[in-house]
Structures are given as structure tokens and as C-alpha cells.
K.L.:
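Pasting a structure below so you can have a look.
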Amino acid sequence: MIYTERLELIHKSGDVLYPVKVTRKSTGKTAFHLVPFGLDKTDDLVEVEDPSEAIRLVIDERHSIRCSTITATITDKKGKRIKRTGIYNIKGISIKEYNVR
């Protein structure tokens, strides 16, 4: 995964999440995956390659973005340590604050 540390999302657990570029299997394209506010993550996914544009969409237009912790911070059902990952919005209930560098 390719992270950008220019945007930090602070999870309510205290974990620090960073936007990640994801490679879509069907196209091979690597980009940040964003979802416009109120729309569906499957049908309305927006792919953005430029980190500055991705951050602008998150801050100014309330898009959600695929994020992950850099290290494993949670334990899965099998007891294995894994990274916290998901699509998060800076105004969502899971994110208590954010920082832009």
C-alpha cells in the first residue's frame, strides 16, 4: 500500500489512519478511493491519483476516503493482529479529529 501522511485521521480509539492508494484488480489502476458524501461505495467510487486532489475532496467536499493504520493496531476474530482499514469521513462518528500537513 502507498500511504500519504499529508492527512491524518484520528480514530475514536486513538489510532492514526492515513489515506492509502489501492490497486483495483479489474483495471490495474492504483489510486486513492473516495466516495462522495451520501453515495454508495460500490457504485459511486471515485479514483484519484493526486494526493492533493484527494485531500481537497475529503476536506472541501466531504468525500470519504479509504484509510489504514501503518502498523497492526487491532486483533481480528482469530486473534491475529491486523491494520485498522476502512472508508472514513472526517465528519463521521468514528473520526474525532483530523490534521493536514
K.L.:
Any link between Leu34 and Phe37 through a network of hydrophobic side chains (Ile, Leu, Val, Met, Phe, Trp, Tyr) touching at under 4.5 Å?
P.N.:
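Per the 4.5 Å side-chain linkage, Leu34 and Phe37 are not co-clustered.
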
K.L.:
Can you pull the salt bridge (charged side-chain N to carboxylate O under 4.0 Å, His left out) pairs that have at least one residue in residues 55-68, sequence neighbours excluded?
P.N.:
Glu53-Arg56, Arg56-Glu61

K.L.:
List in chain and number order the residues that pass side-chain hydrogen bond (donor to acceptor under 3.5 Å, both in side chains) with Thr73, two or more places apart in sequence or in another chain; answer none if no residue qualifies.
P.N.:
Asp15

K.L.:
Do Ile95 and Ile59 share a hydrophobic cluster (ILVMFWY, side-chain heavy atoms under 4.5 Å, transitive)?
P.N.:
yes

K.L.:
Find the distance between OG1 (Thr4) and CZ (Arg101) and round it off to the nearest 0.5 Å.
P.N.:
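Result: 9.5 Å between the selected atoms.
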
K.L.:
Run the side-chain hydrogen bond (donor to acceptor under 3.5 Å, both in side chains) test against Asp44 and tell me which residues pass, sequence neighbours left out.
P.N.:
none

K.L.:
With clusters defined by side-chain heavy atoms of hydrophobic residues (ILVMFWY) lying less than 4.5 Å apart, directly or transitively, does Ile93 cluster with Ile74?
P.N.:
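No: no chain of side-chain contacts under 4.5 Å links Ile74 to Ile93.
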
K.L.:
Quick one: CD1 on Ile10 to OH on Tyr88, what's the gap to the nearest 0.5 Å?
P.N.:
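Interatomic distance, Ile10 CD1 to Tyr88 OH, rounded to 0.5 Å: 12.5 Å.
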
K.L.:
Would Ser13 and Arg84 count as a side chain to side chain contact (heavy atoms under 4.5 Å, CB included) here? Give the steps.
P.N.:
CA-CA 10 Å; Ser13 68; Arg84 182 181 300 277; 3.5 Å; yes

K.L.:
How many angstroms lie between atom OG of Ser94 and atom CD1 of Ile87, to the nearest 0.5 angstrom?
P.N.:
12.5 Å

K.L.:
To the closest 0.5 Å, what do you measure between NZ (Lys80) and OG1 (Thr75)?
P.N.:
11.5 Å

K.L.:
Starting at CG of Asn99, measure out to CD1 of Ile90 and round the result to the nearest 0.5 Å.
P.N.:
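Between atom CG of Asn99 and atom CD1 of Ile90 there are 11.0 Å.
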
K.L.:
Count the heavy atoms of every other residue, nucleotide or ligand shown that sit under 6.0 Å from NZ of Lys29, and state whether that count exceeds 12.
P.N.:
yes

K.L.:
Minimum heavy-atom separation for Ile55 and Val100, please, with both atom names.
P.N.:
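Taking Ile55 first and Val100 second, the nearest heavy atoms are CG2-CG1, 4.5 Å.
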
K.L.:
Using only heavy-atom distances, determine whether the side chains of Glu8 and Tyr18 contain a donor-acceptor pair under 3.5 Å.
P.N.:
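Judged by distance alone, the side chains do pair up.
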
K.L.:
Would His11 and Lys96 satisfy side chain to side chain contact (heavy atoms under 4.5 Å, CB included), going step by step from the backbone distance to the final call?
P.N.:
CA-CA 6 Å; His11 191 270; Lys96 64 180 185 178; over 6 Å; no

K.L.:
Might you work through the side chain to side chain contact (heavy atoms under 4.5 Å, CB included) test for Val22 and Thr30, ending with a clear yes or no?
P.N.:
CA-CA 5 Å; Val22 178; Thr30 301; over 6 Å; no

K.L.:
Take Ile65 and Leu57, measure what side chain to side chain contact (heavy atoms under 4.5 Å, CB included) needs, and give me the verdict at the end.
P.N.:
CA-CA 9 Å; Ile65 189 166; Leu57 290 169; over 6 Å; no

K.L.:
Measure across Leu45 and Arg24 and return the closest heavy-atom pair with its distance rounded to 0.1 Å.
P.N.:
CD2-NH2, 2.6 Å

K.L.:
Would you kindly confirm whether Val46 and Phe32 end up in one hydrophobic cluster when ILVMFWY residues are joined by side chain heavy atoms under 4.5 Å apart?
P.N.:
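Yes.
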
K.L.:
Calculate, to the nearest 0.5 Å, the distance between atoms CG and OG belonging to Leu7 and Ser52 respectively.
P.N.:
11.0 Å

K.L.:
Should Leu9 and Tyr3 be counted in the same cluster of Ile, Leu, Val, Met, Phe, Trp and Tyr side chains packed under 4.5 Å apart?
P.N.:
no

